Every structure is written in structure tokens, then in C-alpha cells.
Amino acid sequence: MAETEHRPTNFIRQIIEADLENKVHSSIQTRFPPEPNGYLHIGHAKSICLNFGIAQDYQGKCNLRFDDTNPTKEDISYVNAIQEDVRWLGFQWDGDVRYSSGYFDQLHGYAVELIRKGLAFVDFSSQDEIRENRGTLKAPGVNSPYRDTSVEENLKAFEKMTAGEYAEGECCLRAKIDMASSFMCMRDPVIYRIKFAHHHQTGEKWCVYPMYDFTHCISDAIENVTHSLCTLEFQDNRRLYDWVIENISIEATPRQYEFSRLNLEYTVLSKRKLIQLVEENHVDGWDDPRMPTIAGIRRRGYTPASIREFCRRIGVTKMDNQVEMGMLEACIRDDLNENAPRAMAVLEPIKLVIENYPEGESENLVAPNHPNNDAMGTRNITFSREIWIEADDFRESANKKFKRLVLDKEVRLRNAYVVRANRVEKDAEGNVTTVFCTYDADTLGKDPADGRKVKGVIHWVDASAGRPATFRLYDRLFTLPNPAGAEDFTASINPDSLLEKQGYVEASLVDSEASNWQFERTGYFCRDSKSEGLVFNRTVGLRDTWAKMEQGS
RNA sequence: UGGGGUAUAGCCAAGUUGGUAAGGCAGCGGGUUUUGAUCCCGCGAUUCGUUGGUUCGAGUCCAGCUACCCCAGCCA
């Protein structure tokens with residue numbers, strides 16, 4: 001697709017351009033630092049496109065770093081899935097994958113340095129005591145009774161902590177900053193805690209793990225990150241980020257900049273909630289096509305280019321936002337409209353019998369794979385006496401706004417002939433099951449010779465050659481634009497978010513090499529990657545002004 | 001008077017030495033069309049949360065006010 005015709009501009013890129021121009025940096029280093037405690041979602045794609053996009057556009061580098069300082073919440077399966085997702089989006093990190101855990105030795109050394117400088121102490125207060133002494137948003141906290149322990153004793157205590165001589169929760173290492181700070185995160189923050197847990201990278205080597213605020217800035221400095229980009233909720237944390245860098249012996253001075261996280265209407269984008277959806281089986285796994293995860297979106301049929309384009313269109317600012325689904329849908333339609341070959345599929349079939357077409361015979365018709373791009377070639381489709389058409393495309397009677405098949409009226413069969421409906425057959429409930437018609441043999445590839453106009457065109461599948469197929473039609477996962485705003489977000493889960501249809505597809509699809517198609521007049525589809533046989537996921541429907549009109553009237 | 005942030009069209013978003021409101025999505029008209037698709041053409045802010053001030057001139061500078069978001073995990 002015509003992607004990134006114009007480079008995006010945003011306040012972060014402007015800062016970088018100014019830094020380059022003022023020689024603050026000679027090259028740019030960014031990083032994408034997920035914690036491997038869940039799958040990546042479309043919100044992460046925004047951060048990925050920002051970080052890797054900047055590296056690409058300014059001849060810089062971008063690292064992939066797993067921020068794995070909390071082994072109890074993390075898992076190796078997530079580190080693998082995350083790498084796959086980043087690559088799928090079309091990005092390659094610089095060098096090897098990095099891990100915060102890879103810096104545990106250095107981190108520990110810097111913690112000791114802080115203790116030596118009298119800037120950190122081991123606190124044996126209970127968690128409750130620490131919380132109570134922290135004060136409130138409006139009232140200052142009070143110093144811990146352990147705050148003035150001597151350097152010697154602290155060194156010894158931290159050593160014992162590290163050696164596993166204290167139980168979890170018995171003590172922790174705190175930075176000595178200011179219990180009266182208006183920034184809560186500066187009130188002697190905990191920087192190391194005890195966890196007797198297996199770590200997916202370091203195994204049983206450690207029983208003390210550094211906290212995020214202590215780890216992230218140092219990891220950035222170690223990797224020579226110049227611009228550390230994160231979301232708005234870390235704005236206060238920047239003070240602690242800078243404090244750590246200033247108080248340890250490290251050369252680099254990475255700078256943190258914050259942008260607003262993505263919110264998308266009718267879905268949730270927080271790992272906690274996504275985990276809940278999976279664990280409570282509200283969806284069928286992380287890659288359920290209704291999920292806003294990269295894996296789900298991929299299985300739904302979105303392309304990497306469409307996600308990148310989406311990230312370009314939404315921009316990067318500090319404003320809270322809630323982007324409409326329509327924005328995402330427009331991106332995938334733009335891509336697939338241009339690149340997806342066309343085909344025909346009938347999702348809810350009724351039979352059309354062409355009574356004046358010879359029984360037992362069949363002919364090959366040639367259909368273009370794209371109406372506006374001859375380079376995409378043609379394909380053969382068979383036509384015979386009995387074909388499937390969409391139940392929605394026939395009515396016994398209708399006003400002339402209905403441009404489809406009506407009893408005693410004509411319609412064009414896409415890529416084939418003009419037919420006229422003569423009579424119908426119904427089932428016990430009165431639903432039309434078969435329409436009997438006659439065709440005009442002289443209308444293949446041309447209008448009727450007598451000049452009569454046939455304005456409707458409907459799609460179809462040859463009944464003798466078409467293959468049965470399953471179609472999964474997805475709708476928004478939630479009924480509320482902002483489900484996360486409700487007390488219980490699962491209460492607004494859309495019970496009709498998945499609709500399965502049994503129909504037919506043209507035979508050419510069976511051994512097609514394409515991965516996405518536009519089934520003409522019904523939408524964009526892809527083969528479901530986890531299903532056997534012909535199972536198609538509808539990525540997104542076509543824009544449908546007719547449906548809109550009908551709804552309105 | 002805790003602190004940190006943000007306020008430009010239904011949604012996203014440009015606007016940077018103050019000079020007279022980009023673009024995209026959505027929507028609405030019209031044209032083309034063997035997809036009610038695509039494509040093409042046209043339409044939207046006398047106004048930038050609000051009230052004042054400075055100025056010849058303010059979305060851009062100053063002051064006050066209001067709304068919303070974030071912070072009291074040994075989570076990230």
C-alpha cells in the first residue's frame with residue numbers, strides 16, 4: 001500500500017531533530033522494552049512503530065529489550081511470541097535481543113554503590129508499615145526507622161539479602177531520597193525486593209530482583225539509549241529515572257519522553273484485562289481474531305502494512321485519546337482494496353436454477369482478479385445450470401431502490417450472464433430455497449443487444465463446482481465504546497461478536513496462493529490459520545452504503 | 001493552593017521567532033462503475049476549554065478559572 005508517503009511529524013521527532021542539529025547526539029538509539037507477561041497488542045504497535053520508525057528515519061538503532069525484573073509474572077512463551085510479533089510487524093531490532101536480567105550483575109553493583117554513598121538502605125519495616133509511613137497525596141511521609149542505619153550495616157544486610165538469608169517480605173532495599181517529596185515515587189522508593197522465584201532467563205541465580213524504576217534507566221544507559229520513550233503514566237517516574245542516573249557512576253544520560261497510550265473504541269488494551277479475557281475463556285486464546293492483540297489481528301487478516309499505516313495516521317501526542325474502530329478498518333480496507341485478489345463466495349446460499357441452460361453442461365468463464373489492475377491477471381470460474389446466490393440478493397417483490405434480483409425482473413450475475421427470475425420454491429417456514437430463472441445467452445461480457453438496462457449485479461458460485469466453506473463474521477468484542485470505564489468490563493462483552501455461516505466459495509480458491517481476498521460484495525477474508533479445510537475469517541466488510549440506507553429507513 | 005500532565009470539528013491530528021485555522025477517518029451531496037466496492041469532484045471551525053489582559057494583530061504571549069487523565073505496588 002502507499003505507506004508513509006510523508007514522514008510523520010510529532011513532538012518526539014522534533015526533539016530528536018533538534019538534538020541532532022544541536023549535536024546533543026551524533027546518533028540516535030531507541031528501544032522497545034516490553035515485559036514478557038502477556039501478548040503484544042495494537043497499543044504496543046504504536047510504541048513499536050514509534051521506536052523502530054525513528055531508528056529507521058534517523059539512521060539510528062532500536063533495541064528489543066525484555067524488561068524482565070518480575071519473574072513471578074513472566075514466562076518464556078511470551079518472550080517468544082513478542083519477538084514473532086515485532087518481526088511480523090516488519091521490524092528488526094539491532095543486534096541480539098536484550099534482557100534487563102542480563103544486567104542484574106551491574107544493577108546489583110550500582111545498588112551497592114548507592115549504599116556506599118549513603119543513598120540507599122535496607123529497610124526491615126513490614127510492607128504495611130512502609131505504606132503507612134509513605135504518607136498520602138497531600139500529606140508528607142515519615143522517615144523509616146532504618147533510614148539512618150550505617151553504611152557498613154546496610155552493606156552487610158544487602159549482602160545477606162542477596163545471599164538468601166532473609167525471607168520474602170522481611171526486608172527490601174530503598175533509595176534514600178525525600179519522604180516529603182510531592183512525587184510519591186521519590187519517597188524513598190523500594191529498588192530491590194526479595195523473591196525466591198525461578199526466572200526464565202537467570203534461573204535460580206537470584207533471590208533479589210531490582211524494581212522497574214531502578215532497572216529501566218540503568219538499562220537504557222548501558223545500551224546507550226538516547227531517547228527513552230514511554231507512556232504518560234511514567235511522567236512522575238522521570239524524576240526518579242533522572243535521580244538514579246545522576247547518582248550512580250555511569251557515563252550515558254538517556255532522556256525519557258512520554259507520549260499518550262492508544263485507546264481504541266469497543267475493545268480493551270490493558271494486559272491485565274486481556275489476560276482476563278483469555279483466562280476466563282471469554283475469547284478463544286490470545287490469537288482469537290476478535291482480540292486487539294497483534295496475534296489476533298494477524299489471524300483476523302490484517303496486514304503488517306495496514307497496522308503501520310494505522311500508527312502513522314493516529315500520530316503521537318500527549319493527549320488522552322480514544323480512536324474509532326473506523327480508523328483501523330479504513331487502513332486495512334485501503335491496503336486490501338489495492339492488493340487483495342477478488343473472488344466470489346456465497347455466505348448464506350439459496351439455489352438459482354437456470355431453466356433454459358442445458359442440464360449436465362458447464363462452461364468456463366474468465367474473471368479478472370482485480371477490476372482496476374489488469375496485472376493481477378484472471379482466473380477461470382465455471383458456470384452451469386444450478387448456482388448459489390446470496391439469500392439477501394433475492395426478494396419476491398421490492399421497490400426500485402433494491403438493485404438485486406426480484407421476481408419477474410433481471411439482474412446481472414457478476415462476470416456472467418443476465419438472468420430473469422420466474423418463480424420460487426419455499427420450505428415449510430415459507431423461506432425461499434430455490435429461485436427458477438432464465439438467462440439471456442447473449443449477455444456474456446456485454447449489455448443486452450436491445451438496449452435494455454440491467455443495473456443490479458450480484459455474486460454467485462457454481463453449484464456443481466463450488467466448495468462448501470465456513471465463514472466467520474466478527475463484530476466488536478464489546479457493546480460499549482469504553483468498556484474499561486465500567487465497573488466490570490466483562491459485563492459489556494458482545495454476545496454476538498462471532499457469527500458463523502456455512503456457504504460456498506468458487507473452486508479456484510482451493511489452491512490459490514493468495515492469503516487475503518476480497519469476496520466481491522461481502523468483504524475481505526483470509527483463511528483461518530488454525531482451522532482445517534475451507535474456513536475463512538472476515539477481516540472487515542466492504543463499506544456498505546446500502547446497509548446504511550436500509551438501517552436508516 | 002499536594003504534585004505531574006492535557007485541552008484545536010463526531011474521532012485522530014498539524015499549527016514552533018504572534019499575522020489572520022493543514023491533513024486523515026467518519027458524515028453529507030454529485031459523477032463513473034458488470035462489486036450498492038473502488039475511483040473522481042464538492043461540502044465542514046468567523047473559530048482554537050473558559051474569562052480577562054498585552055498587541056495594529058493571539059490557537060500561538062500573560063493572568064485567573066473550569067474539565068479530564070496520572071501518582072500513595074516489595075507491578076511495569
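What you are looking at is a predicted structure, and each value in this text was computed from that prediction instead of being measured.
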Distance in angstrom units between A/Asp19 CG and B/U16 P, rounded: 20 Å
Length of the line joining A/Asp75:CG and B/C75:C1', which is rounded to integer Å: 17 Å
Sugar-phosphate only, base, or nothing, as touched by A/Arg342 at under 4.0 Å among non-hydrogen atoms: base
Side-chain-base donor-acceptor pair under 3.5 Å for A/Gln127 and B/G73: no
Close residues, residues 232-244 of chain A, relative to RNA chain B [heavy-atom separation under 4.0 Å]: A/Glu233, A/Phe234, A/Gln235, A/Asp236, A/Asn237, A/Arg238, A/Arg239
Parallel, tilted or perpendicular: rings of A/Phe519 and A/Phe536 (30°, 60°): perpendicular
Euclidean distance for P, B/C48 against B/U38 (whole angstrom): 35 Å
Geometric class of the A/His108/A/Tyr192 ring pair [parallel <30°, tilted 30-60°, perpendicular >60°]: perpendicular
pi-stack flag for A/Tyr212 and B/A76, centroid dist under 5.5 Å, interplanar under 30°: no
Whole-Å distance separating the CG atom of A/Asp335 from the P atom of B/U38: 15 Å
Atom CD of A/Glu348 with >12 non-hydrogen neighbours under 6.0 angstrom: no
Contact nearer the 5' end of RNA chain B, comparing A/Cys171 with A/Asn10: A/Asn10
Nearest-angstrom distance from the residue atom CG of A/Asn372 to P of B/U33: 13 Å
A/Phe11 CZ - B/A7 C1' separation (whole Å): 15 Å
Lys/Arg N to Asp/Glu carboxylate O, A/Asp393 vs A/Arg521, below 4.0 Å: yes
A/Lys273 NZ/CZ over A/Phe489 ring centroid, <6.0 Å and within 45° of normal: yes
Whole-Å P distance, B/A72 and B/U54: 44 Å
Mutual orientation of the aromatic rings belonging to A/Tyr504 and A/Trp388 [parallel < 30°, tilted 30-60°, perpendicular > 60°]: parallel
Spacing between A/Met186 atom CE and B/G2 atom C1', to the nearest angstrom: 16 Å
Side-chain donor/acceptor contact of A/Glu338 with base of B/U38 under 3.5 Å: no
A/Asp320 CG - B/U8 P separation (whole Å): 11 Å
Where the chi angle of B/G73 falls, syn if within 90° of 0 and anti if not: syn
Interatomic distance where CD belongs to A/Glu390 and P belongs to B/U35 [whole Å]: 17 Å
No-H, no-angle donor-acceptor pair, A/Arg333 side chain to B/U38 base, under 3.5 Å: no
B/A21: pairing nucleotide in any strand, Watson-Crick or G-U under 3.5 angstrom: none
A/Asp188 and A/Arg147 ion-paired at < 4.0 Å: yes
Sugar-phosphate only, base, or nothing, as touched by A/Asn415 at under 4.0 Å among non-hydrogen atoms: base
Residue closer to the 5' end of RNA chain B, A/Leu328 versus A/Tyr192 (nearest nucleotide): A/Leu328
